[in-house]
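Reading through the structure tokens given below for one structure.
Here is the naming used below: chain letters follow the sequence lines, and residue numbers restart at 1 for every chain.
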Amino acid sequence: MEQQGTNNFLRTIIADDLENGRVSDIVTRFPPEPNGYLHIGHAKSISVNFGLAEEFGGRCNLRFDDTNPEKESQEFIDSIQEDVRWLGFAWDGEVRFASSYFQQLYDWAVYLVEQGLAYVDDLSPEEAREYRGTLTEPGKNSPYRDRSVEENITLLTFMKAGEFEEGSRVLRAKIDMASPNMNLRDPILYRIRKVAHHQTGTDWVIYPTYDFAHGQEDAIEGITHSICTLEFEDHRPLYDWFIENLPVHSRPRQYEFGRLNTSYTVTSKRKLKQLVDDAVVSGWDDPRMPTIAGMRRRGFTPTALRHFCDMVGTTRSDGVVDVAMLEHAIRDDLNANAPRGMCVLNPLKVVLTDFAEDQLEVVTAPAHPSREDLGERQLPVTRELYIDADDFRESANKKYKRLVLGKRVRLRNAYVIEADEVIKNAQGEVIEVHAHTVPNTIGNDPEDGVKPKGVIQWVSASKGRQATVRLYDRLFDHEAPDKGDHDFMAHINPESLTVIQQAWIEPALAQAAPEDNFQFEREGYFVADRFDHSSEAPVFNKTIGLRDTWAQRGEGAS
RNA sequence: UGGGGUGUCGCCAAGUGGCAAGGCACCGGGUUUUGAUCCCGGCAUUCGCAGGUUCGAAUCCUGCCACCCCAGCCA
């Protein structure tokens, strides 16, 4: 068992349980409700549950907690499975569904009624709320609380048979209406919902609540460590109450950890949906979304996401992780593994006056500065090239390490060139630079000893290809967009997306397959769009920029 | 105001009575055909606060304070 990241309380608990024989193998589960897309927070939960099972040689189930058909759908079941697989995890056996345990759950509900531990309540939702009391005042017993077992059985049978209207009755556990823990004030076990279920169709008109279902599902599957987030801590006494009062065959235990929050991000389902509905983003998989599908399309990798989850650790405290840590994880993986390429985002034509019109020279460049196994690529050098307009100035101070009129610069992987002349349009803007190559400078420094001050990327104007490049930035320009009294929509970063229709890419990049990651040198990491990219019409998404200490010092203005 | 939690560097986080790991961020310096990477160095006399126990405490005790969660027939 290999341990990633630092030690944490869950590892300690599991190691102890294994050592003292409480369990012989650990079984965990990732239990999403199929009512939305998975996001970065779920990635953490997936990483914790599957990761722990992997680490301790156990198993992890994927179980859809589908107890509320009104909000769920097959679309989400499909996307969730795809996301978990993409992250690189394999669940044990078949996918599980809480709905496949509905009959067992119902039988256990009958058992509870027979034991005098559950009753059918006729209170309306409004009345029930009044009877429940408040945080500081105890609740009071429902007048229907002391019905006979026989009457309760009859009523429950009728509920199941669809004899009652939605909301008219519920099945409740008989625990303690005066408990300081609200969850123990006779919690609801079943409610009437006359809607079809995506898995069970119209078989049922009553559906179990989360509380009545979750622990029993865990017991049925032999889950040893049921790991959830902190807000369920108050439910644990109820979780245990069911396990103790029902004839279940295994004893799962619940443990809670703190949810993952990252700065500059919102993850509430409601807010993500609003971003989609208001067309702030193009969909749930928009590269700016913190959804797994969005991050995937952005060019994040499973390796980076898993590393990030290990980096932040698993604790019982809730904090906000700096997105810079996520960005570091992405850069770390991509720097090591992404092939390099050259792309000019803001083209400025350079004419090499010592090259003939039809002259073509091909230089070979490594795909990666230190990964020989990634191979090489061919770069055509022609008379007309494009460089980035930001990489040329007519005059500049000594700190500027790019091309300046009358000075030299290294074309990455190719010649050192010297700028001789600028051509301007009627508005006085530079539209072309004439330059010449310094002899014998491919792989060598200039023989006259005058070294260029910098290196810039370039693309052949005649052999290069045009591409669409989408530059993404943080969706929010506030570190805590949904905190405080303001509306999170007010903190949308107006420059979160810039589309460049006519960027120039070196020929080899057009051959990229969708989802191939690259580093466009001096610009950042980019990915060929999963859906829109093709060799004929290349489309790249910016994943994350290179670390830029130049811009950080406020000296990067061009 | 009832119950349940959490408080260690700007952020995340080890540490479980023996004298404050690590990562991110940041700040130097070196290497560099990416102002990237990489390398070297710096960055908590102090662990929410106040008392107490002890030769010795972030770790034990007492009392405060701050923040988070709970009053869905959501999960």
Partner of A/Glu418 under salt bridge (charged side-chain N to carboxylate O under 4.0 Å, His left out), chosen from A/Lys453, A/Arg408, A/Lys451:
A/Arg408

Counting just side-chain N and O atoms, does A/Arg522 come under 4.0 Å of either OP1 or OP2 of B/A36?
no

Does A/Pro369 reach a base, just sugar-phosphate, or nothing at all? Heavy atoms under 4.0 Å.
base

Expressed as a whole number of angstroms, how long is the span from A/Asn261:CG to B/U6:P?
17 Å

Regarding B/G35, can its base be found pairing with the side chain of A/Arg402 as donor and acceptor, where the two atoms are less than 3.5 Å apart?
yes

Protein heavy-atom contacts under 4.0 Å, written 5' to 3' over nucleotides 66-75 of chain B as B (base), S (sugar-phosphate only) or - (none), form the string --SBBBSBSB

Once you apply a heavy-atom cut-off of 4.0 Å, does A/Gly443 come out as touching a base, just sugar-phosphate, or nothing?
base

Atom CG of A/Asp322 and atom C1' of B/C12 are separated, to the nearest Å, by 9 Å

Side-chain donor-acceptor pairs of residues 321-331 of chain A under 3.5 Å, sequence neighbours excluded:
from: A/Asp322; atom 1: OD1; to: A/Ala324; atom 2: N; distance (Å): 3.0
from: A/Arg331; atom 1: NE; to: A/Gly545; atom 2: O; distance (Å): 2.7
from: A/Arg331; atom 1: NH2; to: A/Gly545; atom 2: O; distance (Å): 3.2

Examine the side chains of A/Asn35 and A/Glu72 and answer whether a donor and an acceptor come within less than 3.5 Å of each other.
no

Which is true for A/Val320 with a 4.0 Å heavy-atom rule: it touches a base, it touches only sugar-phosphate, or it touches nothing?
sugar-phosphate

Between A/Thr315 and B/A13, does any side-chain N or O lie under 4.0 Å from OP1 or OP2?
yes

If we take the P atom in both B/C74 and B/G3, what is their distance in whole Å?
28 Å

With a 3.5 angstrom cut-off on both distances, give the Watson-Crick or G-U wobble partner of B/A58, or none if there isn't one.
none

Near-ring test A/Tyr264/A/Phe476, centroid separation under 6.0 angstrom:
no

Using atom P in both nucleotides, what's the gap between B/A25 and B/U62 to the nearest angstrom?
42 Å

Given the structure, check if the side chain of A/Gln519 and the base of B/U34 hold any donor-acceptor pair shorter than 3.5 Å.
yes

For A/Asn152, all residues meeting side-chain contact (heavy atoms from CB on, under 4.5 Å), sequence neighbours excluded:
A/Val113, A/Tyr119, A/Val120, A/Arg147

Give me the distance, rounded to whole Å, that separates B/A21 from B/C60 when you measure between the C1' atoms they each carry.
23 Å

Applying side-chain contact (heavy atoms from CB on, under 4.5 Å) to A/Leu345 and not counting sequence neighbours gives A/Cys343, A/Asp388, A/Val469, A/Leu471, A/Ile500, A/Ala503, A/Glu523

Indicate the ring-plane relationship of A/Phe212 and A/Phe242, choosing parallel, tilted or perpendicular according to the 30° and 60° boundaries.
perpendicular

Taking atom P in both B/G5 and B/C43, what distance in whole Å separates the two?
39 Å

Please say which of A/Arg169, A/Arg145, A/Arg172, A/Lys174 ends up in a salt bridge (charged side-chain N to carboxylate O under 4.0 Å, His left out) with A/Asp121.
A/Arg172

Suppose you measure atom P in B/C55 against the same atom in B/A14; what distance do you get, rounded to whole Å?
32 Å

Distance, rounded to the nearest Å, where A/Leu334 contributes CG and B/U34 contributes P
19 Å

Using whole Å, what does the distance between atom P of nucleotide B/U32 and atom CZ of A/Arg340 come to?
19 Å

Please state how far atom CE in A/Met177 lies from atom P in B/G3, giving the value in whole angstrom units.
18 Å

Between B/G15 and B/A58, how many Å separate the two C1' atoms, rounded to a whole number?
8 Å

Please state how far atom NE2 in A/His307 lies from atom P in B/C12, giving the value in whole angstrom units.
18 Å

Chi-based syn or anti call at B/G10, which uses purine or pyrimidine torsion atoms and a 90° bound:
anti

Taking only the P atom of each, what is the distance from B/G17 to B/C61 in whole angstrom?
12 Å

Would you tell me if any nitrogen or oxygen in the side chain of A/Arg547 comes within less than 4.0 Å of OP1 or OP2 on B/U37?
yes

With sequence neighbours left out, what residues match A/Leu374 under side-chain contact (heavy atoms from CB on, under 4.5 Å)?
A/Ala367, A/His368, A/Arg371

If only side-chain N and O atoms of A/Thr549 are considered, is one of them under 4.0 Å from the OP1 or OP2 phosphate oxygen of B/A36?
yes

Base, sugar-phosphate alone, or nothing: which one does A/Thr441 contact when heavy atoms must sit under 4.0 Å apart?
base

Would you measure the distance from the C1' atom in B/U53 across to the matching atom in B/U1 and give it in whole Å?
34 Å

Let me know, please, whether A/Val455 or A/Gly313 comes out on the 5' side of the other along RNA chain B by nearest nucleotide.
A/Gly313

Would you kindly compare A/Thr136 and A/Val312 by the position of their nearest RNA chain B nucleotide and give the one closer to the 5′ end?
A/Thr136

Now, which nucleotide makes the Watson-Crick or G-U wobble pair with B/A66, with each of the two distances under 3.5 Å?
B/U6

It should be established whether A/Asn8 places a side-chain nitrogen or oxygen under 4.0 Å from OP1 or OP2 of nucleotide B/A14.
no

Tell me, please, which residues at least two apart from A/Arg96 pass salt bridge (Lys or Arg N to Asp or Glu O under 4.0 Å).
A/Asp92

Integer-rounded Å distance: B/C24 P and A/Ile544 CD1:
15 Å

Between B/C12 atom P and A/Arg259 atom CZ, what is the distance in whole Å?
17 Å

